Amino acid sequence: LMVRIKLFLWKLMHARLLTNELRVTRHIMDDSLCPRCKYQDESILHTIRDCEDVKKVWNQFIHHDHWAKFFSLGLHDWIEFNLKGQNLKAPVGFWSSFFGIMVYHLWNDRNNLVFGRSSMLQTGLIY
């Protein structure tokens, strides 16, 4: 599992995730909206951080003093900030592992939603 998470983080860092926004630019589909909220375009950051349903999950783990920075950084800075984990309420080693596992599972849950299976996030099981 850790190898999969490391590979996923590499794909994340290099913006290699096939979101609806990217599918539209590649002419694979016409709708770039987020499959969860159906309100905003599904970019990588929207999918794993900024969608309101996903924010509810992150808010449980991010100390409110860090919300502004956590939710405002660009993709690369956000990943580096979390892999260093220096300013979060968890120990450094624990937070970086937790972060990798969370973004991996959030992406997989998104795929389950898109491809017709159930979403654990929408049922509240991830909370």
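These numbers were taken from a predicted model, which means no experiment stands behind them.
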Pairwise side-chain contact, Asn20 with Cys34, heavy-atom cut-off 4.5 Å (strictly under): no

Under the salt bridge (Lys or Arg N to Asp or Glu O under 4.0 Å) test, residues paired with Lys6 that sit two or more places apart: none

Side chain proximity check, Trp107 to Thr19, heavy atoms < 4.5 angstrom: yes

Side chain proximity check, Arg16 to Trp10, heavy atoms < 4.5 angstrom: yes

Reported NE2-to-CD distance for the pair His76 and Glu80, which is rounded to 0.5 angstrom: 8.0 Å

Whether over 12 other heavy atoms sit under 6.0 Å from Phe115 CZ: yes

Shortest non-hydrogen contact from Ile44 toward Ala15: CD1-CA, 3.5 Å

Asp109 and Ser119: side chain donor to acceptor below 3.5 Å: yes

Same apolar cluster: Val103 and Leu18, side chain cutoff 4.5 Å: no

Between Phe70 and Trp67, ring centroids under 6.0 Å: no

Between CE on residue Met102 and CH2 on residue Trp58, distance to nearest 0.5 Å: 4.5 Å

Minimum side-chain heavy-atom gap Val54-Asp50 below 4.5 Å: no

Approximate separation, where rounding is to 0.5 Å, of Glu21 CD and Ser43 OG: 5.0 Å

Check ion pair Glu42-Arg110 (N to O, under 4.0 angstrom): yes

Heavy-atom pair with the smallest gap, counting every atom of Trp78 and Asn82: O-ND2, 2.7 Å

Shared hydrophobic cluster, Ile101 / Phe94 (ILVMFWY, side-chain heavy atoms < 4.5 Å): yes

Close side-chain approach of Met120 and Asn112, heavy atoms under 4.5 Å: no

Considering all heavy atoms, the nearest Lys55-Arg49 contact: CG-O, 3.3 Å

Spatial distance of atom CE (Met13) from atom CZ (Phe8) [nearest 0.5 Å]: 13.0 Å

Atom pair CG/NZ of Asp31 and Lys38 - distance to nearest 0.5 Å: 9.0 Å

Spacing of Leu113 atom CG and Thr47 atom OG1 [to the nearest 0.5 Å]: 10.5 Å

Within-4.5 Å side-chain heavy-atom neighbours: Gln40 and Leu33: no

Same cluster (ILVMFWY, side-chain, under 4.5 Å), Phe99 and Met2: yes

Any Leu22 side-chain heavy atom under 4.5 Å of Leu17 side chain: no

Leu45 reachable from Val24 in the ILVMFWY side-chain graph, under 4.5 Å edges: no

Shared hydrophobic cluster, Phe71 / Trp95 (ILVMFWY, side-chain heavy atoms < 4.5 Å): yes

side-chain contact (heavy atoms from CB on, under 4.5 Å) between Cys51 and Arg36, worked out: CA-CA 8 Å; Cys51 182; Arg36 287 190 198 285; 3.8 Å; yes

Ser32-Asp41 side chain donor-acceptor pair, cut-off 3.5 Å: yes

Side chain proximity check, Leu9 to Leu83, heavy atoms < 4.5 angstrom: yes

